[in-house]
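Notes follow once the structure below has been shown.
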Amino acid sequence: QVQLVESGGGLVQPGGSLRLSCATSGSIFRVYSMGWYRQAPGKQRELVAAFTSGGSTTYADSVKGRFTISRDNAQNTVSLQMNSLKPEDTAVYYCNADLTSHPALRRRDYWGQGTQVTVSS
């Protein structure tokens, strides 16, 4: 089975940086998109950054210029470099992958368990 595991979350002061990583395991045949979502208490889950199926990147307006998404296709991993962190960035961050694990199986979304990012002084 395909599994996604996030790491790198923690407590950081405003203006600080964190780097999140998403490691995948299991059989992966084709990746259509991978990205990061986040959900703060009392708020809806939102897209933070992602690689689209066309290979381009997309970012939430709130993180543009501060966050950078990167990937390692050989290892099917995706990372999120977060700089100039703000308290409003506090949330659980989830890795997401839209992929097929086998050519005979349908495309579907996979999610990690999430990693907590807390930005506070």
Side-chain angles (χ1 to χ4, degrees):
Q1 293 184 344
V2 174
Q3 292 184 324
L4 280 65
V5 180
E6 303 96 335
S7 63
L11 175 64
V12 65
Q13 295 183 349
S17 298
L18 285 174
R19 185 176 181 85
L20 306 182
S21 295
C22 176
T24 62
S25 63
S27 178
I28 299 175
F29 175 70
R30 182 176 180 181
V31 177
Y32 296 91
S33 65
M34 289 190 71
W36 291 92
Y37 289 74
R38 68 185 181 187
Q39 187 166 19
K43 301 186 70 175
Q44 298 293 318
R45 182 183 65 184
E46 65 174 347
L47 174 68
V48 178
F51 287 99
T52 69
S53 59
S56 63
T57 57
T58 184
Y59 293 90
D61 288 340
S62 60
V63 308
K64 288 181 179 177
R66 299 188 297 120
F67 291 11
T68 303
I69 189 170
S70 61
R71 65 182 176 184
D72 182 340
N73 289 331
Q75 300 184 41
N76 290 313
T77 60
V78 63
S79 298
L80 185 69
Q81 178 66 44
M82 304 184 295
N83 298 326
S84 302
L85 284 162
K86 304 175 180 179
E88 50 263 45
D89 295 318
T90 295
V92 177
Y93 285 70
Y94 297 92
C95 180
N96 167 261
D98 179 5
L99 56 82
T100 53
S101 60
H102 188 277
L105 298 178
R106 293 186 177 90
R107 171 182 176 180
R108 59 157 288 186
D109 271 335
Y110 292 84
W111 293 90
Q113 294 298 309
T115 184
Q116 177 71 48
V117 172
T118 302
V119 184
S120 176
S121 60

| message | Working note: K64 + D61, criterion salt bridge (charged side-chain N to carboxylate O under 4.0 Å, His left out); need CA distance, chi angles, decisive distance, verdict. | response | CA-CA 5 Å; K64 288 181 179 177; D61 288 340; 3.1 Å; yes
Could you tell me which non-hydrogen atom of [X] sits nearest to which non-hydrogen atom of [Y], and how far apart they are?
X	Y	result
A50	L47	CB-CD1, 3.8 Å
L20	G9	CD2-N, 3.5 Å
L99	V2	CD1-CG2, 4.2 Å
S121	P14	N-CD, 3.7 Å
S17	S84	OG-N, 4.3 Å
L80	A49	CD1-CB, 4.0 Å

| If you look only at pairs with a residue in residues 13-42, which of them pass as a disulfide (SG to SG under 2.5 Å), with sequence neighbours excluded? |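 Passing the test, one end in residues 13-42: C22-C95.
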| Y32 and its side chain to side chain contact (heavy atoms under 4.5 Å, CB included) partner, picked from T100, T52, D109 |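 Single side chain to side chain contact (heavy atoms under 4.5 Å, CB included) partner of Y32 among T100, T52, D109: T100.
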Any non-hydrogen side-chain atom of [X] less than 4.5 Å from a side-chain atom of [Y]?
X	Y	value
S70	Q81	no
L11	Q116	no
T24	M34	yes
E46	R38	yes

Rounded distance (nearest 0.5 Å) linking atom [atom1] of [X] with atom [atom2] of [Y]:
X	Y	atom1	atom2	answer
R107	S101	CZ	OG	13.5 Å
T118	D89	OG1	CG	11.0 Å
L105	F29	CG	CZ	10.5 Å
I69	T58	CD1	OG1	9.5 Å

| query | Hey, is CD on Q13 packed in by over 12 heavy atoms from elsewhere, all under 6.0 Å? | reply |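 Result for CD/Q13: open.
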| query | Is the CD atom of Q39 crowded by more than 12 outside heavy atoms at less than 6.0 Å? | reply |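 Counting other residues, nucleotides and ligands, CD of Q39 exceeds 12 neighbours.
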| field | side chain to side chain donor-acceptor pair (under 3.5 Å) against R30, all qualifying residues, sequence neighbours excluded | value |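 Listed in chain order: nothing, the list is empty.
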If hydrophobic clusters are built by linking Ile, Leu, Val, Met, Phe, Trp and Tyr wherever their side-chain heavy atoms come under 4.5 Å apart, do [X] and [Y] end up in the same one?
X	Y	value
Y59	V78	yes
V119	V63	yes
V92	L85	no
Y94	L18	no

| query | So, E6 side chain and Q113 main chain: donor-acceptor pair closer than 3.5 Å or not? | reply |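 Pair found, side chain donor or acceptor close to backbone of Q113.
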| request: Identify, with sequence neighbours excluded, every residue that meets side chain to side chain contact (heavy atoms under 4.5 Å, CB included) alongside S27. | output: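 Partners of S27 under the side chain to side chain contact (heavy atoms under 4.5 Å, CB included) test: none.
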| Do the ring planes of F67 and Y93 sit parallel (below 30°), tilted (30 to 60°) or perpendicular (above 60°)? |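 Tilted: the ring planes of F67 and Y93 meet at 30° to 60°.
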